[in-house]
Amino acid sequence: MDTLEERAEKDTQCSDVIGLLTQMKPVETRITKRNPQPSYIRDIEILMPEGDKIRITLWGKFSYFLTEDVIGSQTDLIITSTMVQRFNGLCLKSTSATMIYIDLDIPETQELLDRNSAEETLPKMGSIDRSNQGTLEEQMFYRRRTLEELTTMRRGNQPDQVTHQNSNK
């Protein structure tokens, strides 16, 4: 994890990780500022040997590499050539050079499985945040609020000011 921290936001060195799949979300469609064409992504989470969990975003063809039949069974992954980012914490993203290896029969994966055979490490299916889906118009639709919700949110952000004003009267 220390090595990944050092490599955060540095696009000069790719990172490889090994771990147990703990969560996988369905494939999503994303539109980014750099690319107005829809991109396919899948977020997964792995438990690394040291006990840390990290989120990995698989882009493009890699988003379809893992299928939902891995849910509920111990699955070890080796993911190579990823870039480290800071986005809601430390995370990894696939690159065009990424390779994904599933359930390799090597000593490192066997050790990982032996150490983490508990129910809590079985992969689960996560849910996706619809507010990031589709076109900008669709995203605005998912995030829409009523006037009452907006005024409640506005009042909820300033309780100290209201209390302070009332105590001065």
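FYI, the numbering just counts along the sequence from 1. Please read these numbers as outputs of a predicted model, since none were measured by experiment.
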**Request:** Give a yes or no on whether the backbone of F87 and the side-chain of R55 come within a donor-acceptor separation of less than 3.5 Å.
**Result:** yes

**Message:** Set out, in order, the CA-CA distance, both residues' side-chain angles and the distance that settles side-chain contact (heavy atoms from CB on, under 4.5 Å) for C14 and M83, then state yes or no.
**Reply:** CA-CA 5 Å; C14 290; M83 288 297 180; 3.8 Å; yes

Contact list for [range], test salt bridge (Lys or Arg N to Asp or Glu O under 4.0 Å), sequence neighbours left out:
range	answer
residues 94-108	none
residues 90-101	none
residues 5-23	E5-R86

**Asked** Would a 4.5 Å heavy-atom cut-off, applied to side chains only, mark I106 and I78 as touching?
**Response** yes

**Request:** Check whether any side-chain heavy atom of R30 sits under 4.5 Å from a side-chain heavy atom of P38, and report yes or no.
**Result:**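 SC-SC contact between R30 and P38 ruled out.
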
**Message:** Testing L20, V17, D76, T22 one by one against I46 for a side chain to side chain contact (heavy atoms under 4.5 Å, CB included), which residue passes?
**Reply:** V17

**Request:** Would you please name every residue forming a side-chain contact (heavy atoms from CB on, under 4.5 Å) with P49, sequence neighbours left out?
**Result:**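 By the side-chain contact (heavy atoms from CB on, under 4.5 Å) rule, P49 matches I18, L112, R115.
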
**Complete:** The reported gap from CG in L92 to CD in E45 (rounded to nearest 0.5 angstrom) is 11.5 Å

**Prompt:** From L4 CG over to I54 CD1, what is the distance, rounded to the nearest 0.5 angstrom?
**Reply:**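 Atom-to-atom, L4:CG and I54:CD1 are 5.0 Å apart.
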
Linked, directly or transitively: [X] and [Y] (ILVMFWY side chains, under 4.5 Å):
X	Y	result
I56	I41	no
L104	L113	yes
V84	I79	yes

**Asked** Taking all atoms of both residues into account, what is the closest heavy-atom pair of I102 and F65, and its distance?
**Response** CD1-CE2, 3.7 Å

**Item:** Minimal non-hydrogen separation, M1 against D52, with atom names
**Value:**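 In this case the closest contact between M1 and D52 is CB-OD2, 3.4 Å.
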
**Message:** Applying side-chain contact (heavy atoms from CB on, under 4.5 Å) to L77 and I44, what does each step give before you reach the verdict?
**Reply:** CA-CA 11 Å; L77 297 175; I44 65 171; 3.9 Å; yes

**Asked** Tell me the side-chain hydrogen bond (donor to acceptor under 3.5 Å, both in side chains) pairs involving residues 57-66, sequence neighbours left out?
**Response**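 Those involving residues 57-66 are D43-T57.
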
**Prompt:** With sequence neighbours left out, what residues match T98 under side-chain hydrogen bond (donor to acceptor under 3.5 Å, both in side chains)?
**Reply:** T95

**Request:** Check step by step if side-chain contact (heavy atoms from CB on, under 4.5 Å) holds for M24 and T75.
**Result:** CA-CA 11 Å; M24 179 172 76; T75 304; over 6 Å; no

